[in-house]
Amino acid sequence: MKQRTLAGNVAVAVFILAMWSIMVAFFSASWLVSDYRISGAQFDRLGLWMHCFRSLPDPHDEYQRRFFSGCRWIFDPFTTGYHQIRGYLMPWFIVITQFFFLVAFLGVLVSFILVLLFVLCFGPGQKRFLQLIRLIGFILVGAGISGGLAVIVFALFANRDGWMPGHSNNFFGWAFALAISGVIETLIAGSLFLLEANIQKKKQKYLANSQQKFELEQETKA
């Protein structure tokens with residue numbers, strides 16, 4: 001019996017694309033960006049784990065004696081005063097986005113290992129073949145749902161007035177678009193793996209019935 005059907009092959013291809021999209025978006029600092037044509041903008045761009053500023057005044061310093069510029073990891077321990085504005089940089093909606101997209105990212109990483117087993121090690125004749133395909137499908141669907149929640153929360157709250165300066169000149173960046181694409185691709189890949197599991201189950205059932213029919217015919221001839 002053929003190891004994978006068309007649904008399985010397409011599922012693997014879509015999964016590779018989804019994994020690339022999710023991973024690039026996860027590490028990118030371009031979820032929200034400032035219009036580069038605006039001179040004197042304080043904000044430059046941000047991602048889930050990195051912020052870039054041109055000249056951001058410390059929001060807790062009413063005398064504006066401290067400014068932040070350049071790109072920094074959100075948990076940067078070396079920049080004086082940066083940890084003091086972490087609460088400003090990570091409001092509740094960013095924390096929720098980070099959590100759900102992290103779940104999606106980990107789900108894709110786990111699925112990558114399982115997909116390697118599906119492609120390189122497991123075949124239809126092995127006992128856990130169907131369970132492996134279903135597991136990949138369910139993990140990817142769960143990762144897609146989690147990632148979907150992350151991008152929805154970010155889309156609803158990240159570019160509202162009152163957070164990053166220059167609100168009217170900020171817009172969602174290419175990494176956010178890539179995150180949305182990765183979420184959709186992850187859901188499609190998960191659905192295709194579940195379809196592949198259903199097809200493989202029917203094929204195994206058909207082969208089992210054919211084998212039983214063949215054995216009965218042999219017994220009748222004998």
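Atom set for the values below is all heavy atoms of this structure, side chains included, hydrogens, waters and symmetry mates excluded.
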Can you confirm if the aromatic rings of F154 and F100 lie within a centre distance of less than 6.0 Å?
no
Which heavy-atom pair separates A18 from G182 by the least distance, and what is that distance?
CB-O, 4.0 Å
To the nearest 0.5 angstrom, please state how far the [atom1] atom of [X] sits from the [atom2] atom of [Y].
X    : Y    : atom1 : atom2 : answer
L187 : I145 : CG    : CD1   : 6.5 Å
L17  : I184 : CG    : CD1   : 11.0 Å
N198 : R134 : CG    : CZ    : 8.0 Å
L140 : L135 : CG    : CG    : 9.5 Å
T186 : I139 : OG1   : CD1   : 12.5 Å
I180 : F176 : CD1   : CZ    : 4.0 Å

In terms of ring plane angle, is the pair [X] and [Y] parallel, tilted or perpendicular, where the classes change at 30° and 60°?
X    : Y    : result
F193 : F15  : perpendicular
F118 : F129 : parallel
F53  : H51  : parallel

If hydrophobic clusters are built from ILVMFWY residues whose side chains come within less than 4.5 Å, do [X] and [Y] share one?
X    : Y   : answer
V95  : M50 : no
W20  : V12 : no
V24  : L32 : no
V151 : I94 : yes
M90  : F68 : yes

Using modelled atom types only, decide if a donor and an acceptor are shared between the side chain of [X] and the backbone of [Y] within a distance under 3.5 Å.
X    : Y    : result
S111 : G107 : yes
S146 : G142 : no
N159 : N170 : yes
Y88  : W163 : yes
S55  : S69  : no
D44  : S34  : no
Q98  : L48  : yes
R160 : L156 : yes

More than 12 foreign heavy atoms under 6.0 Å from [atom1] of [X]: is that the case here?
X    : atom1 : value
F171 : CZ    : yes
F157 : CZ    : yes
F78  : CZ    : no

Distance only, no hydrogens: is a donor on one side chain within 3.5 Å (strictly under) of an acceptor on the other, for E196 and T5?
yes
From the options F101, F172, W174, select the one residue that forms a side-chain contact (heavy atoms from CB on, under 4.5 Å) with W31.
F101
Pick one: which of I136, I16, V110 meets side-chain contact (heavy atoms from CB on, under 4.5 Å) with V115?
I136
Close side-chain approach of L117 and L114, heavy atoms under 4.5 Å
yes
Side chains of F43 and L56, heavy atoms from C-beta outward: is any pair under 4.5 Å?
no
